[in-house]
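Throughout, numbering of the chain's residues begins at 1 and tracks the sequence.
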Amino acid sequence: MITYKNIQYQCSMELTLDLIGGKWKSLILWYLGDNTLRFSELKRIIPQITPKMLTQQLRELEESGLVSRFIYTQIPPKVEYSLTPAGKSLIPILATMCQWGLSYANASSPDKAAIECASSVAKSADIK
């Protein structure tokens, strides 16, 4: 039994999935990678996510200590998001998951063109 923020988890996998599970959190973490991005840049990279959901997911990742939020004191306000050291420690895991998905897709339908996971990170770096 694991207790984290007064919540009981049966195992560490349950805690991990609570922190990074769902449709959007892993993608947000992946695209932040070594990048520092603004809200609008994240929204552009992940066009399917609604602004409300992006805000909610970023807040949850920030509360979990995986994403840091830096607010510039200027008019208009500027906010940037980046990974904390704990968030950066997830990148090799996410890269492995990305590679597994690519291998699985290629094994399931070898006639489809492969999409490189690394290229998605490179594209997000170009947005800055």
| query | Should the ring pair Tyr72 and Phe70 be called parallel, tilted or perpendicular, given that the plane angle runs from 0 to 90° and is split at 30 and 60? | reply |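 Judged by the thresholds at 30° and 60°, the geometry between Tyr72 and Phe70 is perpendicular.
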
(Q) Is it true that Thr36 and Glu80 share a donor-acceptor pair across their side chains at a distance under 3.5 Å? (A)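 There is no such pair between these side chains.
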
- Query: Without hydrogens or angle criteria, can the side chains of Ser68 and Ser82 be said to hold a donor-acceptor pair below 3.5 Å?
  - Reply: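 Distance-only check passes for Ser68 and Ser82.
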
4.5 Å side-chain heavy-atom contact, Leu15 and Ile7
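The answer is no; the side chains never approach within 4.5 Å.
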
### Query
Under 4.5 Å between any side-chain heavy atoms of Leu37 and Tyr81, yes or no?
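Leu37 does not reach Tyr81 side chain to side chain.
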
Output yes when a side-chain donor or acceptor of [X] lies under 3.5 Å from a complementary backbone atom of [Y], and no otherwise.
{"X": "Ser26", "Y": "Ile20", "value": "yes"}
{"X": "Lys88", "Y": "Asp34", "value": "no"}
{"X": "Thr3", "Y": "Asn6", "value": "no"}

query: So does Lys5 have more than 12 non-hydrogen atoms from other groups sitting under 6.0 Å from NZ?
result: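 It does: Lys5 NZ has more than 12 such atoms within range.
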
With sequence neighbours left out, what residues match Leu17 under side chain to side chain contact (heavy atoms under 4.5 Å, CB included)?
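In terms of side chain to side chain contact (heavy atoms under 4.5 Å, CB included), with neighbours along the sequence ignored, Leu17 is linked to Met13.
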
Atom [atom1] in [X], atom [atom2] in [Y]: separation rounded to 0.5 Å?
{"X": "Trp30", "Y": "Met97", "atom1": "CH2", "atom2": "CE", "answer": "10.0 Å"}
{"X": "Lys78", "Y": "Ile71", "atom1": "NZ", "atom2": "CD1", "answer": "13.0 Å"}
{"X": "Arg38", "Y": "Leu42", "atom1": "CZ", "atom2": "CG", "answer": "11.0 Å"}
{"X": "Lys43", "Y": "Thr55", "atom1": "NZ", "atom2": "OG1", "answer": "10.5 Å"}
{"X": "Ile46", "Y": "Met53", "atom1": "CD1", "atom2": "CE", "answer": "12.0 Å"}
{"X": "Leu54", "Y": "Ile49", "atom1": "CG", "atom2": "CD1", "answer": "4.5 Å"}

Notebook entry, point to check: Can you list every ring pair (Phe, Tyr, Trp, His ring centres under 6.0 Å) pair that touches residues 3-24, not counting sequence neighbours?
Noted result: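 Applying ring pair (Phe, Tyr, Trp, His ring centres under 6.0 Å) to every pair that reaches into residues 3-24, excluding sequence neighbours, yields nothing.
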
Practice problem: Identify the heavy atoms of Ile93 and Ser89 that sit nearest to each other, and give their distance. | Solution: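 Ile93 and Ser89 have their closest heavy atoms at CD1-O, 4.1 Å.
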
field: From CA spacing to verdict: side chain to side chain contact (heavy atoms under 4.5 Å, CB included), Ser12, Ile2
entry: CA-CA 7 Å; Ser12 57; Ile2 298 171; 3.7 Å; yes

In residues 57-66, what donor-acceptor pairs under 3.5 Å come from side-chain atoms, sequence neighbours left out?
from	atom 1	to	atom 2	distance (Å)
Glu60	OE1	Lys25	NZ	2.8
Glu60	OE2	Gln56	NE2	3.3
Ser64	OG	Glu60	O	2.9

